[in-house]
Colleague: 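My questions will all concern the structure given below.
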Amino acid sequence: MVKDKAWKWIDENRKRLTEISDTIWSYAELGLMEHKSSKLLADELERHGFRVERGVAGMPTAFVATWGEGRPVIGVMGEYDALPGISQKPVPYKDPVIEGAPGHGCGHNIHGTSGMAGAIAVRYALEEAGLPGTVKFFGTPAEENYDGKVFMVRAGLFDGVDAVLSHHPSSVNTARLGSSNAVNSVKFHFYGKSSHAAGSPEQGRSALDAVELMNVGVNYLREHIIDKARIHYVIEAGGGQPNVVPDYARSWYYVRAPERDQVEQIYERVLKIAEGAALMTGTTHRVEFLGGCYNLLPNKTLSELVVSNMREIGPPEYTEEELEFARKIGETVPKEQKRDALRKAEFPNWERYVDVDLVQEVLDPWDEGKVMAGSTDVSDVSWVTPTMEFGTTAFVLGAPGHSWQAVACSGMSIGHKSLIFAAKTIAGAALDLITKPELLKRAQEEFKKRMKDRAYKCPIPDDVQPPLEVARAAAEAAMKKG
């Protein structure tokens with residue numbers, strides 16, 4: 001069977017794949033600055049005969065690697081950006097490699113490598129079987145903060161792709177059917193006039209006052225938006241010391257809602273509040289739109305295909321040492337917190353899992369029709385072609401995402417097993433789509449049905465480019481903390 005050839009290649013190259021994942025884990029590069037991680041993956045794909053186009057969509061760390069000819073064209077995605085401030089050794093207690101440095105708290109070292117491995121395995125299986133088809137690997141930077149995939153969609157890089165598969169490390173093995181929140185990410189810069197806060201306050205115009213008044217206005221707005229919307233912010237700059245009226249201040253906002261048009265409506269009101277804050281304080285302001293993305297369009301056909309391949313492959317088994325590692329991680333999470341999280345997620349038969357650290361079975365998705373609170377730039381890909389991002393167990397159930405616990409698991413053998421299982425699942429599902437045209441047709445018909453009376457319009461304005469300077473400044477600040 002053609003899938004057996006792909007799975008055999010993954011098994012035979014397991015050592016190299018885990019080395020790549022661990023190397024990216026050690027790099028722990030922030031979004032749009034993943035130069036070493038991106039190069040490692042692109043070079044490996046090139047070594048296996050892929051044609052690689054680097055620096056696409058205005059992002060030096062984005063790339064597309066292509067092998068094969070003709071249709072169908074199956075896309076595979078991989079991420080490799082880390083998160084700030086959660087450096088951690090692969091041990092089950094908090095112990096940073098470098099205090100305050102970045103770490104892979106979302107397992108994107110696994111994500112990028114699993115996608116790469118799946119794509120390469122498909123390439124060799126197709127070649128050996130003499131089958132037509134094209135596989136494209138999309139190296140997608142900055143998922144965590146700057147919506148790299150949206151810029152790639154805007155550049156037309158996913159045009160002509162028949163379906164896309166992606167894997168994300170998780171605490172369960174399944175292919176979810178829920179949606180996600182759409183989001184806008186935007187910074188507000190306020191400019192005032194400095195003066196002595198005690199001696200001549202009347203001559204000052206406080207940019208910090210404008211930031212704070214804007215925040216007050218937005219917090220009052222919360223009463224008048226839909227229940228499922230979310231607005232959150234931080235004050236990034238607020239002045240130097242109390243006796244100087246700040247002439248510059250800056251806040252960073254996320255505006256989220258279940259549908260893209262809802263985000264746009266709320267965002268317009270936030271912009272008006274910013275204008276009002278500037279008027280009230282005699283300051284000026286500038287809006288810096290960083291990024292935005294849509295809500296996810298699920299695909300049940302692809303979900304069923306992925307789950308079927310997971311069960312055909314069989315989920316990983318764990319050693320006593322791995323189970324003990326997970327148990328110690330689990331002890332860092334209060335049982336009440338875990339119970340509440342399982343309830344909130346409407347986890348099926350959640351009572352059975354309160355004392356489970358690693359979910360070892362493959363679960364049917366239970367979230368059809370639901371909307372997760374977070375956002376992902378995978379969503380924009382799902383509006384241009386049938387898309388499925390599935391999860392495999394890499395993290396301890398109940399442990400928070402974006403945490404040292406997740407970093408620890410991402411850099412050791414529990415994460416390695418998640419990687420291999422995911423790579424095989426990608427390869428198996430991709431080859432089914434290539435060799436069983438009726439499956440691909442069903443996925444595309446479902447996509448068209450979900451898109452009925454809808455149209456995709458990139459949420460990022462044409463004149464907004466990837467925020468490379470913002471990303472560089474963030475990376476430099478993270479290095480100083482580390």
Side-chain angles (χ1 to χ4, degrees), residues 18-42 59-63 77-116 139-149 167-170 185 187 232 234 236-237 252 254 290-291 329 332 374-377 394-396 399-412 414-416 418-419 466-482:
T18 56
E19 285 175 353
I20 291 171
S21 178
D22 285 350
T23 300
I24 295 172
W25 182 90
S26 69
Y27 290 156
E29 297 169 295
L30 297 181
L32 296 179
M33 295 291 112
E34 319 97 319
H35 298 287
K36 291 185 289 186
S37 303
S38 170
K39 184 178 187 302
L40 177 60
L41 293 170
M59 296 177 288
T61 56
F63 67 92
M77 295 190 292
E79 300 165 7
Y80 30 84
D81 56 323
L83 288 154
I86 50 173
S87 172
Q88 169 67 25
K89 296 175 183 176
V91 295
Y93 50 88
K94 191 173 183 180
D95 186 10
V97 178
I98 302 173
E99 186 69 46
H104 271 288
C106 216
H108 289 179
N109 59 302
I110 299 169
H111 191 320
T113 311
S114 65
M116 178 206 73
T140 62
E143 185 273 336
E144 295 289 1
N145 43 14
Y146 305 121
D147 303 315
K149 295 181 192 66
H167 157 250
H168 198 293
S170 176
S185 170
K187 293 191 178 188
H232 19 265
V234 293
E236 288 195 304
W252 185 2
Y254 279 9
L290 293 180
I329 292 276
T332 68
S375 309
T376 173
D377 58 6
F395 309 136
V396 172
H402 294 192
S403 66
W404 69 262
Q405 293 98 325
V407 183
C409 290
S410 297
M412 52 83 66
I414 294 172
H416 300 161
S418 176
L419 154 65
L468 299 178
E469 291 306 316
V470 173
R472 187 171 293 109
E476 289 172 355
M479 288 177 64
K480 288 179 182 176
K481 289 181 181 178

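On a predicted model such as this, the values are computed, not experimentally measured, just so you know. Basis for what follows: all heavy atoms, side chains included, without hydrogens, waters or symmetry-related copies.
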Colleague: Nearest heavy-atom pair of Val407 and Trp25: which atoms, and what distance?
Modeller: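 For Val407 versus Trp25, the nearest heavy atoms are O-NE1, 2.9 Å.
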Colleague: Minimum heavy-atom separation for His402 and Cys106, please, with both atom names.
Modeller: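 Minimum heavy-atom separation between His402 and Cys106: NE2-SG, 3.5 Å.
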Colleague: Any idea which heavy atoms bring Gly148 and Met59 closest together, and the distance?
Modeller: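 So the two residues come closest at O-CE, 3.2 Å.
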Colleague: In Å, rounded to the nearest 0.5 Å, how long is the span from CG of Asp22 to CD of Glu19?
Modeller: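 If I round to the nearest 0.5 Å, the distance is 8.5 Å.
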Colleague: Taking Glu144's backbone N and O only, do any of them form a donor-acceptor pair with Asp81's side chain (distance below 3.5 Å, no angle check)?
Modeller: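 Yes, the answer is positive, given that a donor and an acceptor are paired below the 3.5 Å cut-off.
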Colleague: For the NE2 atom of His416 and the OG atom of Ser114, what is their distance to the nearest 0.5 Å?
Modeller: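 One finds 13.0 Å between NE2 of His416 and OG of Ser114.
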Colleague: So, taking the atom named CD in Glu29 and the one named OG1 in Thr61, what distance separates them when rounded to the nearest 0.5 Å?
Modeller: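 Reported value, rounded in 0.5 Å steps: 8.5 Å.
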Colleague: To the nearest 0.5 Å, what is the distance between CG (Asn145) and CH2 (Trp252)?
Modeller: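 Separation between the atoms: 6.0 Å.
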Colleague: Is any side-chain heavy atom of Phe395 closer than 4.5 Å to one of Pro169?
Modeller: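 In short, these two side chains touch, coming nearer than 4.5 Å.
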Colleague: Nearest heavy-atom pair of Tyr80 and Leu41: which atoms, and what distance?
Modeller: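 That closest heavy-atom pairing would be CD2-CD1, 3.4 Å.
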Colleague: Between Glu476 and Ala474 (side chain of the first, backbone of the second, donor and acceptor by atom type, cut-off under 3.5 Å), is there such a pair?
Modeller: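 Here the side-chain-to-backbone pair does not exist.
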Colleague: Between Thr332 and Gln405, does the side chain to side chain donor-acceptor pair (under 3.5 Å) criterion hold? Intermediate values first, please.
Modeller: CA-CA 9 Å; Thr332 68; Gln405 293 98 325; 3.2 Å; yes
Colleague: Any sub-3.5 Å donor-acceptor pair from Ser403's side-chain atoms to Pro400's backbone N or O?
Modeller: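 Looks like yes, one N/O pair under 3.5 Å.
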Colleague: How long is the straight-line distance from CG of Asn109 back to OG of Ser21, given to the nearest 0.5 Å?
Modeller: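 Here the rounded value is 4.0 Å.
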Colleague: Give the minimum heavy-atom separation between Ala82 and Leu30, together with the two atoms involved.
Modeller: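 Nearest pair, atom of Ala82 first, then Leu30: O-CD2, 3.6 Å.
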Colleague: Under the 3.5 angstrom rule, does the side chain of Ser185 hit a backbone N or O of Tyr254 as a donor-acceptor pair?
Modeller: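 Not at all, since once roles are kept as given, no pair shorter than 3.5 Å links the two residues.
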Colleague: Between Lys149 and Glu79, is the salt bridge (charged side-chain N to carboxylate O under 4.0 Å, His left out) condition met? List the steps.
Modeller: CA-CA 10 Å; Lys149 295 181 192 66; Glu79 300 165 7; 2.5 Å; yes
Colleague: For the residue pair His104 and His108, categorise the inter-ring angle as parallel (less than 30°), tilted (30 to 60°) or perpendicular (more than 60°).
Modeller: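 Correct class here is tilted.
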Colleague: Evaluate the side-chain proximity of Ile20 to Met116: yes if any heavy-atom separation is below 4.5 Å, no if none is.
Modeller: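 Yes - at least one pair of side-chain heavy atoms lies under 4.5 Å apart.
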Colleague: Walk me through it: do Ser418 and His167 pass the test side-chain contact (heavy atoms from CB on, under 4.5 Å)?
Modeller: CA-CA 10 Å; Ser418 176; His167 157 250; 4.0 Å; yes
Colleague: Set out, in order, the CA-CA distance, both residues' side-chain angles and the distance that settles side-chain contact (heavy atoms from CB on, under 4.5 Å) for Arg472 and Leu32, then state yes or no.
Modeller: CA-CA 8 Å; Arg472 187 171 293 109; Leu32 296 179; over 6 Å; no
Colleague: Please report the closest heavy-atom contact between Pro102 and Ala28, naming both atoms and the distance.
Modeller: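 Minimum heavy-atom separation between Pro102 and Ala28: CB-O, 3.4 Å.
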Colleague: Measuring from atom CG of Leu83 to atom CD1 of Ile86, what distance do you get when rounded to the nearest 0.5 angstrom?
Modeller: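 Taking CG in Leu83 and CD1 in Ile86, the distance rounds to 4.5 Å.
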Colleague: Using side-chain contact (heavy atoms from CB on, under 4.5 Å), reason through Tyr93 and Ile329 one step at a time and then give a plain yes or no.
Modeller: CA-CA 7 Å; Tyr93 50 88; Ile329 292 276; over 6 Å; no
Colleague: Less than 4.5 Å apart, side chain to side chain, heavy atoms only: is that true for Tyr146 and Pro466?
Modeller: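 No - every pair of side-chain heavy atoms lies 4.5 Å or more apart.
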